[in-house]
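What follows is a single structure, written as structure tokens, with notes after it.
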Amino acid sequence: MSLNIAVCIKPVPDPDYYDKITIHPVKKTITREGIPTIINPVDKNALEAALQVKEQFGGKVSVITMAPPNAEENLREMLAMGADEAYLLTDRAFAGADTLATSYTLAQGLKKAGPFDLIFTGTESADGATSQVPAQLAEWLDVTHLWNVQEFMVEDRALKAKMGMENGYINYFLQMPALLAVKRSINKPRYTSVMGVMKAKKKPLTLFTAADLELNPELLGLQGSPTKAGAVFTPSMARKGQELTGETEEIVEQLIQVLRGAGLNLETLNVNEAGRE
Amino acid sequence: MTAKTAGGIWVVAEQVAGRINTVSYELLSKACALKKQLKSPEPVVAVVLGKAVEEIEQLGRFGAEEIITVFAPALEIYQNDTYALVLQDLITARDPSLVLMGATAIGQDLAPVLGARLKTGVAAHCVDVRINEDNYLVAVVPAFGGKVLGDILCPNTRPQMATLKPGVLGKPTTVSEPSFIITNYDPSCSLQKDQGRIKALEVVRQEQTGMPLEEAEVIVIGGWGIGSQENWTLLEELASLLGGAVGCTRPVVDEQWVKSEQQMIGTSGKSVRPKVYLGFALSGATHHVCGMKDSGLVISVNKDAAAPIFAVSDLRIVGDAKTFLTALIKRIKGK
């Protein structure tokens with residue numbers, strides 16, 4: 001069984017710098033100047049999952065993204081990690097898309113590059129974190145899907161997979177073709193080797209603009225987005241704060257007073273603790 | 001189907017293993033508030049899918065005026081394809097104005113499927129919703145780990161949908177005089193369309209160890225700076241001495257010092273609002289702060305005086321976390 005596998009990725013501003021994000025005081029737009037763009041962290045877990053399936057069953061792994069032209073760099077990184085080929089969907093017409101329009105565009109790209117037996121994504125992106133693109137992509141492709149996948153097993157032309165829940169998981173059986181949105185805990189993405197970087201330079205990377213895809217313009221970008229963005233603001237979470245100073249024991253004593261003041265009955269706890277001994 | 005009402009504020013009540021998830025009550029309380037903000041009030045409706053669900057009357061006590069029960073063996077365990085088929089038909093037939101769901105594992109999966117099938121917008125993992133002067137739903141959605149909040153509207157399509165994070169709306173309140181009808185909806189027509197592409201096999205529940213974060217009045221939280229599994233046990237000891245729960249940040253989950261990522265606090269984890277938040281050796285990354293900002297008293301210990309967590313703390317202690325944990329435990333034990 002040889003499988004044609006796709007992995008959808010998203011370049012995002014590095015989450016380590018989110019405290020540097022500001023809102024332009026006049027234009028009221030989000031300013032992310034100087035923040036590096038990286039591959040959405042959990043998307044590497046998605047690629048790792050795909051590579052493991054390929055290693056077990058044979059086949060091909062393609063990575064795909066809808067992003068500005070400079071995302072080529074991010075795709076090369078995924079090729080260096082082990083993907084076989086890459087597709088970049090880039091066009092001004094795709095801009096301003098919400099999850100429905102984004103997933104539509106990605107679906108049309110996947111149809112052109114595919115068909116695929118298995119599609120992997122991460123559960124969510126670090127920036128918007130809506131986590132809605134995987135399910136909506138599966139809908140546009142008319143394939144079944146599972147979100148928040150913590151474990152899976154390929155069996156013939158089907159899958160057994162666990163969807164992570166708040167207090168446990170649900171076991172599912174899915175028919176291929178299928179889309180799996182994987183959690184970070186599912187695996188540890190492999191490191192990229194120097195050899196991988198060398199090979200990546202020669203691997204195929206195809207660019208698709210709107211003209212290359214079969215598209216209904218009404219479903220694209222801003223126009224194809226049922227949700228509209230209103231005002232943006234940065235909530236103030238600041239507290240004035242007071243520093244407790246002194247020797248460790250003095251600070252601990254102040255803390256005890258504060259905890260008592262907050263209504264904690266430390267004496268009772270103390271007695272109970274002593275009573276246990 | 002009985003009385004066909006115009007519009008409606010719908011809450012898709014979630015059940016797992018026949019028990020209703022508390023987020024459903026939080027959503028109903030919010031639905032009641034939205035009803036008052038609408039130009040002409042619309043009924044608050046709870047929809048519950050399952051095989052047999054306990055205590056559905058509770059939905060009425062938290063404000064549902066109509067409870068639509070959709071019970072069938074095929075709906076016992078959540079299956080996205082099947083649940084979406086039923087809800088799509090139900091929503092198309094009854095045409096609610098608003099549909100709210102919990103931003104739980106199930107809600108975050110089901111809502112976008114419905115959005116795609118109904119070709120309408122879904123505002124994801126909102127921290128609040130309100131009705132604006134034009135009578136539209138405005139959903140407040142965090143981005144960039146909560147550093148930015150944005151209003152999301154869905155003015156041109158119906159229903160306007162939103163998922164809301166469990167815990168962000170605060171404790172739900174029961175209505176003083178519950179008055180509700182129960183409507184049983186037969187899903188067999190919808191279920192006939194099921195292609196059987198996905199099949200739920202079983203729900204496996206994993207017992208939580210220690211006190212759940214949502215119920216704790218005191219939460220002791222540690223970050224990556226705790227340094228080791230051994231030091232982590234100090235946090236657990238302190239939490240137990242204070243009768244509280246243990247929480248953590250993302251790096252701690254990655255280091256596997258905690259058994260379950262259910263202990264993670266932040267935008268992709270839990271939103272908490274304890275009376276007392278005691279944080280040790282955590283930097284205060286935006287995505288963590290977004291999940292704890294509504295806490296009562298925030299006390300932080302960090303050896304880095306410039307740690308961002310201090311900017312959102314009521315009390316700052318600049319120092320080594322292990323030293324303070326050990327001293328505090330010793331003091332409480334009275335030794």
Side-chain angles (χ1 to χ4, degrees), chain A residues 15 18-19 21 23 30 98-100 124 127-132 135-136 139-140 144 147-148 163-175 185 226-235 237-239 241-244 248-249 251-252 255-256 258-259 262-264 266 269-270 273-274, chain B residues 77 81 104-105 108-109 112-113 115-117 120-124 138 143-145 147-157 197-206 208 218 241-243 267 275-276 286 289 293 297-298 308 310-317 323 327-328 331-334:
Chain A
Y18 285 175
D19 58 330
I21 284 173
I23 290 172
I30 294 164
D98 71 359
T99 63
L100 194 62
E124 63 182 20
D127 52 356
T130 67
S131 73
Q132 297 191 149
Q136 298 193 322
E139 286 298 312
W140 286 114
T144 189
W147 182 75
N148 218 30
M163 173 189 184
M165 301 280 294
E166 283 70 23
N167 296 310
Y169 57 88
I170 305 180
N171 264 323
Y172 289 94
F173 173 84
L174 293 93
Q175 286 176 359
S185 60
T227 59
K228 308 291 171 200
V232 286
F233 45 99
T234 46
M237 297 179 276
R239 299 186 184 219
Q242 178 202 336
E243 188 174 337
L244 300 184
T248 303
E249 280 68 29
I251 294 178
V252 164
L255 257 184
I256 294 289
V258 167
L259 292 176
L264 297 192
L266 295 168
L269 294 164
N270 210 345
E273 183 62 28
Chain B
I77 309 177
D81 242 359
T104 55
Q108 286 187 95
D109 182 47
V113 174
R117 291 192 186 182
T120 190
V122 186
V138 180
F144 302 105
K147 172 72 185 188
V148 174
L149 293 176
D151 288 344
I152 297 288
L153 289 95
C154 176
N156 303 324
T157 50
R197 304 183 297 187
I198 182 167
K199 181 99 192 89
L201 303 174
E202 57 170 343
V203 179
V204 178
R205 295 177 76 88
Q206 286 163 331
Q208 293 276 44
V218 185
L241 284 170
L242 295 171
T267 14
K275 274 190 189 161
V276 180
T286 312
V289 171
K293 63 181 171 48
L297 180 68
V298 176
F310 284 143
V312 295
S313 300
D314 299 302
L315 292 174
R316 307 190 300 262
I317 298 168
T323 308
L328 198 53
R331 170 64 181 80
I332 295 171
K333 280 183 164 177

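Values below: all heavy atoms of this structure, side chains included; hydrogens, waters and symmetry mates excluded. Each chain gets a letter, A, B and so on, in the order the sequences are listed, and its residues count up from 1. Predicted model, so just to flag it, every value in this text is computed and none were measured.
- Applying the ring pair (Phe, Tyr, Trp, His ring centres under 6.0 Å) test to B:F310 and every residue at least two apart in sequence or in another chain returns nothing.
- A pairwise comparison of heavy atoms in B:A105 and A:G164 identifies CB-O, 3.3 Å as the closest pair.
- Interface remark: of the candidates A:N171, A:I170, A:T227, A:N171 forms the most heavy-atom pairs closer than 4.5 Å to chain B.
- Partners of A:K228 under the side chain to side chain contact (heavy atoms under 4.5 Å, CB included) rule, at least two apart in sequence or in another chain, are B:P155, B:N156.
- Between A:L255 and B:I317, some side-chain heavy-atom pair lies under the 4.5 Å cut-off.
- When every heavy atom of B:D151 is checked against every heavy atom of A:F233, the shortest pair comes out as OD1-CE2, 3.8 Å.
- Between A:T130 and B:Q108, the shortest heavy-atom distance links the atoms O-OE1, 4.5 Å.
- Within the 4.5 angstrom heavy-atom criterion, only side-chain atoms of A:E139, from C-beta onward, approach chain B.
- Of all the listed residues (A:A129, A:A229, A:S185), the one sharing the greatest number of non-hydrogen pairs under 4.5 Å with chain B is A:A129.
- Distance check, rounded to the nearest 0.5 Å: OH of A:Y172 to CD1 of B:I198 gives 6.0 Å.
- Heavy atoms of B:K275 lying under 4.5 Å from chain A belong exclusively to its side chain.
- A distance-only check finds no donor-acceptor pair linking the side chain of A:Q132 to the backbone of B:P112 [under 3.5 Å].
- Using a 4.5 Å cut-off between heavy atoms, B:A311 touches chain A through its backbone atoms (N, CA, C, O) alone.
- The residue among A:V258, A:V232, A:V252, A:T144 with the most heavy atom pairs within less than 4.5 Å of chain B is A:T144.
- Using a 4.5 Å cut-off between heavy atoms, B:V148 contacts chain A through both its backbone and its side chain.
- Between the B:Q206 side chain and the A:Y169 main chain, no donor and acceptor come within less than 3.5 Å of each other.
- Options A:N148, A:I256, A:I21, A:D98 differ in how many heavy-atom pairs under 4.5 Å they form with chain B, and the most are formed by A:I21.
- Atom NZ of residue B:K147 and atom CE of residue A:M237 lie 7.0 Å apart, to the nearest 0.5 angstrom.
- Looking at B:T120, only its backbone comes within 4.5 Å of chain A, counting heavy atoms on both sides.
- Between B:V122 and A:T99 the shortest side-chain heavy-atom distance does not fall below 4.5 Å.
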Can you check side-chain contact (heavy atoms from CB on, under 4.5 Å) on B:D109 and A:M163, steps first, answer last? CA-CA 10 Å; B:D109 182 47; A:M163 173 189 184; 4.1 Å; yes
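- A:R239 places no side-chain N or O within 3.5 Å of a backbone atom of B:L297 that could act as its donor or acceptor partner.
- Among B:V312, B:L328, B:T286, the residue with the largest count of heavy-atom pairs under 4.5 Å with chain A is B:V312.
- If you measure heavy-atom distances from B:I77 to chain A, the contacts under 4.5 Å come from the side chain alone.
- Comparing A:A262, A:A238, A:P235, A:S131 by heavy-atom pairs within less than 4.5 Å of chain B, the highest count is held by A:P235.
- The line from CZ of B:R331 to CD of A:E249 is 11.0 Å long, rounded to the nearest 0.5 Å.
- Both the backbone and the side chain of A:L244 come within less than 4.5 Å of a heavy atom in chain B.
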